[in-house]
S.K.: 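Sharing a structure with you now.
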Amino acid sequence: YGDDNIWGLLSGVGGNIYEWYDFAVYGLLAPEIGACFFPDASRELQLINSFGVYLAAFLMRPLGAIVFGEIGDRLVGRKNALVFSILLITVPSILMGMLPVYATWGIVSPILLVLLRMAQGLSVGGQLAGSYVLSIEQSSSRSRGFRGSICDASSIGGFLLASAVTTITRSILSEEQVNVWGWRVPFLFSLILAPALYYIVSHTEESKLWEQGAENKETEEIIREQEPASHDTPAVVDLLSSPFRRRQLIGMIGVLSAQSSSFYTLFLWTPVYLSELRGIMTEQEADLINFFVIGLQIFFVIFAGRMSDTFPHRMDLVRIGLPGIIVAAPTMFGMFESESWLGYVIAQVQFGFCLALIQGVLAAWEVELWMADPTLSFTGVAVGHNIAATVFGGTMPLVATSLYYLSNNMIANMQEDGEEANGGFESVSEYEFMWPRLLPGLYISILGCLSLYCISFVVRHPHDVRTGDSRLQQAVMEQENKAAAKKKKRSSKQTKEKKRKQLEKSLQSGDISSYQPPQVVLS
C-alpha cells in the first residue's frame, strides 16, 4: 500500500514541528512561568511547581492516545485525527499567551494554567502517533526507517524552533521584560504557524492501508447483516483483550523508557540544570548550546533512520544504541564538572548521538509492531508511546530536579564529615564530590538496562520472528511450507491450462499431429 506520498510525510513533519514547539516552549520558560504563577513559593519550589504543571500535561497524553486512537482507527481515519489534534493544541497555546498571572487573578490563574496544559497534553497524545502511522503506512518497506526518522526529527525540530524563539526573545528583551510579559511571545507565535500547517494537512491523502482495512470491515459486517461501520468494542478494549497484544504493549513501553527519559533530559531539563540550578552559565548561553545540539540531533536521527533500512532486523540498531545510552548518560553529567565550554558541548553531543541511534529507528519500529491490524495500529502506537512518555518522560524533570537537590544534600553532608574529621575538606577528593552529580544520569542508565531487557526478551517484532523462540520458528516454517505447496499447486494448474489452450489452438488450425487421443485399456 505504500507509495511514499510526500504530502503525508509533510503533514506529519509540519504537525510534529508545530505541536512540539508549543509543548516545548513551556519547559524552556519554566523559571519565568513559575515566578509569574507561583510567586509566593521559594525559587526552588517555583521551579518544581512549574515542572509539576508540565507533568499534568503528560498525564493527559494516555487519555489523548485512547481518544485519538479511536478516531484514527475506527471513526474518520488518520488524516482527520491529525486535523483535530492540531486544532486542539492551537487554542490552549494562544490562551496561555494571554492568561493573566497570579498577581492579577490569584489562585484562578495557576488552575487555568493546569487546565490549558492538560488540553495540550490531550492533543499531543494523538498527534505524534498519528504522524508516525500516516507516514509509515504511506511508505514502501524499503524507506520506512528513513521516513519515520524524518517524522522523529521533525519533533526535535519543534524543540529547535522553540529553543530559537526563546533564545531570540531573551536576547532582544531585558531579563525584567521577559519575566513580566516577554514569556508570552513564544506562545503567541503559534498564530503564525497554524495557517501554514492547515494548508499542508488539507493536501494530504488518507492512508490506503486504513482505507482498505475499513472497507474490508464494512464488507464483513454487511455479509453478517450487521450495521455497517459499527464496532462492538472500542479499539483500546480490543487492544488489551489479547494476551499477546498486552505483552507487546508492555514490552513497547519498556523499550521506550530510556528514550523518553533521555529525550526530555537532554532537550528540556539540561538547559535549566546548567543555568538555573548550577549557575554554570546564563540562560541565553544554555539555550544557545541547546540550539546547537538540537540542530546536530536532527541529522543524527535521520542518519540512524536511513541506516536502519539497511539492517536485516531493525531492532539490532536499538540494541546497539541502548548500551551507548547506559554509558553516555552519567558521562554527560560527569563532563558538566569539567569547567570547560568544550566539555559542556561534547557531553551533550555524545549523549545525543547515542540517543539518535535509538530514536531514528523507533517510528518505523513502533508502527510495524502493530501494522498487522490497521484498525488497531493507531491505538497501539499511541497508547504505548504516550504511556512511556508520561511515566518516564513527563516525570523526568521532577525526578532529575529532586535528584539534583539530593546530590546537594549528599555533598553538604560529605563536607561536614570532612570538616569534623580534619577541620577542612582535604579528606574528601573532588572525585568523591562528583559522584552525587551523576545521579540523574545513573537513573537513565537503569532505564536503559530495562529497555535492553524488554527489546531482547519481552517484545516480539515481525523482523525478529526468524530469530525468536522455537515455537515462532516452527510457525514461520509451517507458513512457508503452506505457501510453497500453494505455489506448486498453482504452477501445476497454470501448466495444464497452458497445454489445453495450445491444444485448442492446434485443433482450430487443423493441425492434429500433436493430438494424442486418450488411451483406453480393457482388462
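Note that this is a predicted model, so its numbers are computed, not measured.
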S.K.: Taking side chain as C-beta onward, heavy atoms only, is L406 less than 4.5 Å from L403?
M.R.: yes

S.K.: Within a strict 4.5 Å, meaning less than it, do heavy atoms of the F68 and L88 side chains meet?
M.R.: yes

S.K.: I need the S456 OG to M315 CE distance, nearest 0.5 Å.
M.R.: 7.0 Å

S.K.: How long is the straight-line distance from CG of L317 back to CZ of F311, given to the nearest 0.5 Å?
M.R.: 5.0 Å

S.K.: Once you round to the nearest 0.5 Å, how far does OG of S407 lie from CG of L439?
M.R.: 6.0 Å

S.K.: Would you call the rings of Y273 and F336 parallel, tilted or perpendicular, where under 30° means parallel and over 60° means perpendicular?
M.R.: tilted

S.K.: Judged by atom type as modelled, is there a donor-acceptor pair below 3.5 Å linking the side chain of S155 to the main-chain atoms of D152?
M.R.: yes

S.K.: Nearest 0.5 Å please: distance from the CD1 atom of I156 over to the CG atom of L355.
M.R.: 7.0 Å

S.K.: Before giving the answer on side chain to side chain contact (heavy atoms under 4.5 Å, CB included), spell out for I387 and M252 the whole-Å C-alpha distance, their side-chain angles and the decisive distance to 0.1 Å.
M.R.: CA-CA 10 Å; I387 289 179; M252 176 182 174; over 6 Å; no

S.K.: Enter the distance from Y264:OH to T395:OG1 here, rounded to the nearest 0.5 Å.
M.R.: 11.0 Å

S.K.: Do R61 and H385 come close enough that some side-chain heavy atom pair is under 4.5 Å?
M.R.: yes

S.K.: Quick one: sort the F263 and F267 rings into parallel, tilted or perpendicular, breaks at 30° and 60°.
M.R.: perpendicular

S.K.: Apply side chain to side chain contact (heavy atoms under 4.5 Å, CB included) to residues S377 and D73 and explain how you reach the verdict.
M.R.: CA-CA 7 Å; S377 56; D73 278 334; 4.1 Å; yes

